Amino acid sequence: MTTTAPERVPTKAPHSLDALFSPRSVAVVGVTATPGTVPYDIFHNLLHAGFRGPVYPVAPGKRAISNVPAYRYLIDIDQPVDLAVIVFPADVVDRALEHCARKGVRAVVVISAGFREVGPEGQQREDRLKRLACAHGIALVGPNCLGVINTDPAVRLNASFARKMPHAGRIAFLSQSGALCTAVLDYAREKQIGFSKFVSFGNKAGVAESDLLEYLHHDEETDVILLYLEDLRDVRRLVAAAQRVTHEPPVKPILAIKAGRTPQGADAAASHTGSLAAEDDLCDAAFREAGILRVDSIDELFNTAILYAYQPLPAGDRLGIVTNAGGPGVMATDAAVREGLRVPRLAEETQANLRGVLPATAAVKNPVDVIGDARADRYEAALRQVLADPNVDQALVILTPQSMTDIEAIAQAVCRVHEAARDGRPAADLPRVAPKPVACSFMGATDVAEGIRVLQQAHIPHYILPEWACRAMAGVQAIRRMFEEPPDVARRLPVDDMAVRSVLDAAPAGYLAEHEALEVLEAYGLPVVPWRLCTTADEAVGWAEASGYPVTLRVVSRQVVHKSEIGAVALDLTTSEAVRVAFDALRDRVAAARPDAHIDGLLVRRMIPAGYELILGAKRDPIFGPVVMFGLGGIYVELFRDVVFALAPLGPRTARNMVRRAKAGRLVEGFRGGPRADIAGIEECLVRVGQLVSDFERLVELDINPLLASPAERGNAVADVRIRVA
């Protein structure tokens, strides 16, 4: 059967994905008449989920499907079609898509598998779909996906083969994995979690996560967006789209799980930066810049999302705890502190009020222990006092089932207190306060099930363990901080980019000679001490005498990258005779160890005073683009792996946060009485390195290791640098 689509007054500007989420009509292309098959189940879901428009089955050789007249081809349908769901075998999907183009279909969901995921032949099929969709302006979701769901009562679209239509809610879920989607829907139904939109986008041949984020940013049914990603492609576009969602009104949080790994290229370990730049670290950096909160599990994803979606945003990180058992209260306190929350002492007035309503043996400081025999009235009185306390921003209610515990009544009491606080209706003897979030942990399973049901129906988040509640609250705090901190803005510093271009244009692929690398750093304002490339011992001695001792000597050869390993470096030379002897000795040593190496000369530099050894690196990643690395340098960089990453170019706040996040940041601040380094100078170096790697596509890897960081009066200095160009 079919129904007529009602008139809907648009409430926002038209979007290219409107035909996907709010179609006036849908065709299922490739329907079968066999229940339990994917094509049949999709058609059945569309018919029985309450979709408000006509649904057309396209089934060659069939006269009707479920008593609905069927069509041989899509182009045989005599009415407009907004959305087509294709479930034909992979090798004929392109012909079905051509029919969609001829029909003027604006959105297509390709459920079928057998594309990029199966190898080169499948990749070719997918590329053809992508070209067709692009040429005809079709919003293409998939292939290899579960489908699309919109629970909006005005639409009721279930264009998927999910077992059941999810409840309506304020959470949008976007997943690259269709199999995960089915599990998530079952998980959410059991926990009574509702969705606004639910999308499995599969191989991303057309519509990707960035397009979906841009649509959901202004979707009035969505408050929070959840992402499950297996691979990242256009990272810069994802970052830009996510920044708009998380920082431009109406702001919405994005929580994401990123699974899978991208294989590193064979030459990735040629530098410290390349070997340390794991995809996971770069993903963390991209998500930080985008304002995306990365989580590790489905539980954590939804635990945080429901707290944000169903409860008011807390004003701060101070947690009040009400419990009927001391042990879980202590566990919750430990977990809260571990997650970065505070468990403050309650105000003296609050403690006095609690003593008036609780037994003498109750604890009233925080956690508030209402004692094991507590019933609903005691919980209700304690929670009202805790929420009214000026030192508390949010509350956690813990219950362990005792023989006398009226679990359902206690859950109802929590709901009453929460509703009164939300609506600004506190008890007569309590001050009016802004709404504060409430979460619960009724510990157990069977005994507490009815109480949990009451809480979930009232949209009060419930967590199996208090630790999970604390972690969710910490996640909401991270969201709050993201909202409060605008995106960093990279501002260009004055540099001599023409000098760098001159060096790079003349350089072959591979590593720059050291003097060329120093010229590049000098042109971009990095702290390089005076130096000279000398071809004779007399020239080296003359420059050392003129510039002052002590000096260092380093062999310059494109074939010798790791100089210290073959003794191609001499340090702390204090006399002309020492320079002369070292000059000849280094040339002979390199000639013996690497007879194939061409020696351009020896680099004579002023000796750099000792300082903290740091590494500043950069690389051009094939997925993430230009990135910058900072951490502990010297010979231990790969042993301790104390490095952090950020996408380039960097703003000043990003550079500052990089230094703070690395353990090396504590070192340069003056750890255990050590001298404080020129931290502002280090941050500026990071900004300049980011600008350099962003400006020149040929620059693929850069290591400054070490950068010797000294107090501000002495400044920082580049001790060694390697630059590789494509």
Side-chain angles (χ1 to χ4, degrees), residues 17-23 25-32 35-53 55-58 65-66 74 81-90 93 96-97 100 105-115 117 126 129 133 138-152 155-168 171-186 188-189 195-209 211-212 215-216 226-228 230:
L17 297 186
D18 285 343
L20 175 67
F21 289 109
S22 301
S25 58
V26 181
V28 182
V29 183
V31 182
T32 66
T37 62
V38 168
Y40 179 90
D41 288 351
I42 293 171
F43 187 68
H44 179 272
N45 284 345
L46 282 163
L47 288 181
H48 295 280
F51 178 63
R52 300 303 183 90
V55 181
Y56 305 107
V58 176
I65 303 290
S66 296
L74 179 73
V81 175
D82 284 346
L83 171 65
V85 183
I86 299 177
V87 283
F88 273 137
V93 168
L97 190 58
C100 291
V105 175
R106 294 182 294 152
V108 172
V109 178
V110 178
I111 303 293
S112 317
F115 293 89
E117 74 278 5
E126 185 169 314
L129 296 188
I138 296 172
L140 172 65
V141 174
N144 187 27
C145 69
L146 179 84
V148 175
I149 298 173
N150 180 1
T151 64
D152 184 345
V155 181
R156 297 289 297 174
L157 175 75
N158 185 359
S160 79
F161 58 95
R163 291 176 63 88
K164 294 180 180 179
M165 183 76 165
H167 299 302
I171 298 171
F173 185 79
L174 315 176
S175 174
Q176 196 168 352
S177 166
L180 179 71
C181 286
T182 59
V184 164
L185 285 169
D186 188 55
R189 180 170 288 274
F195 295 99
S196 58
K197 307 291 186 292
F198 198 96
V199 184
S200 162
F201 51 88
N203 292 6
K204 300 190 286 189
V207 174
E209 60 270 17
D211 304 290
L212 295 166
Y215 179 87
L216 293 170
L226 309 185
L227 271 174
Y228 173 83
E230 292 179 345

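Because the structure is a prediction, the values reported are computed rather than measured. Note: hydrogens, waters and symmetry copies are ignored here, and every other heavy atom, side chains too, is used.
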| field | Student check: side-chain heavy atoms of V38 and F161 closer than 4.5 Å | value | yes
| note | Closest non-hydrogen contact found for S160 with N45 is O-ND2, 2.8 Å
| field | Beyond-backbone contact of V148 with F201, side-chain heavy atoms, under 4.5 angstrom | value | no
| In Å, rounded to the nearest 0.5 Å, how long is the span from CG of N158 to CZ of R163? | 13.0 Å
| said: Does I138 form a side chain to side chain contact (heavy atoms under 4.5 Å, CB included) with V105? I'd like the steps, not just the answer. | reply: CA-CA 7 Å; I138 296 172; V105 175; 5.6 Å; no
| request: Would you check, one step at a time, whether the test side chain to side chain contact (heavy atoms under 4.5 Å, CB included) holds for K164 with L185? | output: CA-CA 8 Å; K164 294 180 180 179; L185 285 169; over 6 Å; no
| Heavy-atom pair with the smallest gap, counting every atom of G114 and A90 | O-CB, 3.7 Å
| task | Would you check if S22 and D152 make a side-chain contact, meaning some heavy-atom pair closer than 4.5 Å? | result | no
| query | Picking from V29, V87, V110, V108, what satisfies side chain to side chain contact (heavy atoms under 4.5 Å, CB included) with V93? | reply | V110
| For A208, does its backbone N or O pair with a side-chain atom of D211 as donor and acceptor, under 3.5 Å? | yes
| message | Do V85 and I111 have side chains that approach each other closer than 4.5 Å (heavy atoms only, starting at C-beta)? | response | yes
| If we only count heavy atoms from C-beta on, is the I86 to C100 side-chain gap below 4.5 Å? | yes
| query | With a 4.5 Å heavy-atom cut-off, do L174 and L216 have their side chains touching? | reply | yes
| said: A side-chain contact here means heavy atoms from C-beta on lying under 4.5 Å apart; do V155 and F21 qualify? | reply: no
| query | Side chains of V28 and I65: closer than 4.5 Å at any heavy-atom pair? | reply | no
| Backbone N or O of L157 within a donor-acceptor pair of the N150 side chain at under 3.5 Å? | no
| note | Minimal heavy-atom distance between T151 and P166, with the atoms involved, is CG2-O, 3.8 Å
| task | With sequence neighbours excluded, tell me which residues meet ring pair (Phe, Tyr, Trp, His ring centres under 6.0 Å) with F198. | result | F173, F195
| What are the two closest heavy atoms between D82 and A19, and how far apart are they? | O-CB, 4.0 Å
| Which distance, rounded to the nearest 0.5 Å, do you find between the CG of L83 and the CG of D18? | 12.0 Å
| Exercise: identify the closest heavy-atom pair between A139 and L17 | CB-CD2, 3.7 Å
| query | Who passes side chain to side chain donor-acceptor pair (under 3.5 Å) against T182, sequence neighbours left out? | reply | none
| remark: Distance col, row S196:OG vs I149:CD1, nearest 0.5 angstrom, shows 11.5 Å
| Can you tell which of K204, E117, E126 makes a side chain to side chain contact (heavy atoms under 4.5 Å, CB included) with P143? | E126
| field | Exam field: side chain Q176 to backbone E230, donor-acceptor pair closer than 3.5 Å | value | yes
| request: Compare every heavy atom of S25 with every heavy atom of V81, then report the nearest pair and how far apart it is. | output: CA-OG, 3.2 Å
| remark: One should read off an interatomic distance between L129 CG and L97 CG, to the nearest 0.5 angstrom, of 6.0 Å
